[in-house]
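Heads up, the thing below is written out as structure tokens.
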Amino acid sequence: MALRAVAAGLEHWGMMGEIAGGFGTLFTLWPFLYLVGGFLLGLLFGAIPGLTATLAIALLLPFTFGMEVTNALVMVMGIYMSGIYAGSITGITLNIPGAPSGAITSIDGHALMKQGHGAQALSLDAFASSVGGMIGALVLMLLAEPIANLALLLQTPDKFSLVLLAVVTVTVVSRGSIWKATISMTLGLMISTVGIDPMVPKGRFDFGSYHLVEGIGLLPAVIGLFAICELLVQAATPARAAHGEAVADMPRLRHRDFVPNFSIIREIGAWLYVKSSVIGVLIGMLPGGGAAMASFIAYAEAKRTAKHPEKFGDGSHEGLAASEAANNAMCGGAIIPLLTLGIPGDAVTAVIFGVFLIHGLVPGPGLLTNSADVIAPMFAALFVASIFVMVSLMVFGPFYLKLARINRGILYAFIAMISMAGVYASSFSGFQMWMALAIGVFAFVLRRFDYPVVPMLMGVILGSYLEEFLRRSLIVSKGDPLIFLTRPASLIFLIAMLGFIWLLRLRPGVRKPVSD
């Protein structure tokens, strides 16, 4: 009741009033239950090695058809925040990160574990994640509307250059060879061209099949690239014999062991938490950045400014806090370009993009203006989910280690069944099921040869926008490509694109980032 009263008093504040109302909506029965359910699902998927928040949302995607849009968005926010955090749980305890986002955290976290300070490492990890998540959510609330208003001023050539910037950025920040990332992105762009021409009502690249005239759906692509591909990767990976022994040798932990040591937190300092969180938000706003990249850069910055950099890698509290605050703050930053510009900030928001489309919402500059009542509970959910991170450790801390004991064969068989059923339920098409399976097998082959799959998904999503904005711009300019250089905003985006290429790939001495 108090929240609703505050919301009513703030309605004249525009978007901030809507956000206050979003908190009121969130704390009604069903949205709150969906948030809790999504948070618990994200914990499960994030903590089990090989299962990620991306996979959890991909599996949930077809089931959001029957949900109210508010409940669906609230649930995926819970999955997003907890999934990113939970990747560090098995990283700290077993040195097997549940997700790429937990890889940097596990360096110092597992070192503390081996020193007998595992509960302390987990508590510092959860506290940093909670602080970073709250800061990221607050920045999202403050910046989303101004950026959306600025985006309304962009014209078609500007939008093309912006999407091109996103395509190039995703490619250059991808792990491994830039040529392999470029090929992966190109394959995604090629997939996006299958089906009806966006400018002319005519099928193309359909090879005479009426199934392909409709194009390759986003859901089969997501399920194939992440669910099916990941299952094949896990099936081809030998089980670690020492895994079970490591779990069995873990000491018995009690709930009170997970209370944060505030003397250590004061020693780490508020500035490190804030600085690392801001780095995470900024990396999140960079299309293709991802939690792993945010964690890596914040960790490197913390080591650069630390009084005792030699402790990093051997159980540094500062290193653990910096990396974990950054990767959860990234969540709020990654949602900003998705909502305001229609460009996903990382692999998870690329899948969340599909949730919007399923419910008839098109991410972009007009979304906050036209659907603020729907988006506001989503903002509130991200903030509350970050608080749940610390609460979850206090409740489930002693049980986290048992996640690694789940029978993988039963688990993966269940995921495969849910994946195929979900694709069929979304389209009632057996062809789309085969398409998801084919894409999954193809993605598995790519990964075996170290080709990243995230650029391919981004190519599938952004390809139609890139083509449409390019062709519309050339129609307006009567075929003159100089229109992309004469528009100030377009020129800025193109210069930024060249700057990213130079800084991240061509400049000597700059270490290549790691992306999800």
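If you're wondering where the values come from, they're calculated on a predicted model, not measured in any experiment.
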Quick check: does any side chain N or O of Ser130 sit under 3.5 Å from a backbone N or O of Ala126, one acting as donor and the other as acceptor? no
Provide the closest heavy-atom pair for Ala325 versus Ser276 in the form atom of the first, atom of the second, distance. CB-CB, 4.1 Å
For the residue pair Val476 and Gln155, establish whether any side-chain heavy-atom pair is separated by less than 4.5 Å. no
Polar side chain donor-acceptor pair, Thr105 to Ser323, under 3.5 angstrom: yes
Does any non-hydrogen side-chain atom of Val76 lie less than 4.5 Å from one of Met378? no
Give a yes or no on whether the backbone of Phe39 and the side-chain of Ser82 come within a donor-acceptor separation of less than 3.5 Å. yes
Side chains of Pro31 and Asn71: does their closest heavy-atom pair fall under 4.5 Å? yes
What are the two closest heavy atoms between Met81 and Cys331, and how far apart are they? CE-CB, 4.2 Å
Quick check: do Leu143 and Val281 have side-chain heavy atoms less than 4.5 Å from each other? no
Test side chain to side chain contact (heavy atoms under 4.5 Å, CB included) on Leu339 and Phe356 and set out the steps. CA-CA 10 Å; Leu339 295 181; Phe356 281 98; 3.4 Å; yes
Can you tell me if Ser192 uses its side chain to pair, donor with acceptor, with the backbone of Leu189 under 3.5 Å? yes
Contact between Leu462 and Leu466 at the side-chain level, heavy atoms closer than 4.5 Å - yes or no? no
Show the nearest heavy-atom pair for residues Ala496 and Leu165, with the distance to one decimal. C-CD1, 4.0 Å
What residues, two or more places apart in sequence or in another chain, satisfy side-chain contact (heavy atoms from CB on, under 4.5 Å) together with Leu33? Leu29, Trp30
What is the minimum heavy-atom distance between Pro363 and Leu357, and which atoms define it? CD-CD2, 4.3 Å
Residue pair His359 / Ala72: nearest heavy atoms and the distance that separates them: NE2-CB, 3.8 Å
Would you say the side chain of Phe493 lies within less than 4.5 Å of the side chain of Val163, judging by non-hydrogen atoms? no
4.5 Å side-chain heavy-atom contact, Arg447 and Leu232: no
Tell me which pairs pass ring-ring contact (aromatic ring centres under 6.0 Å, His included) where either residue lies in residues 433-472, with sequence neighbours left out. none
Measure the shortest side-chain to side-chain distance between Met75 and Val355 over non-hydrogen atoms and say whether it is less than 4.5 angstrom. no
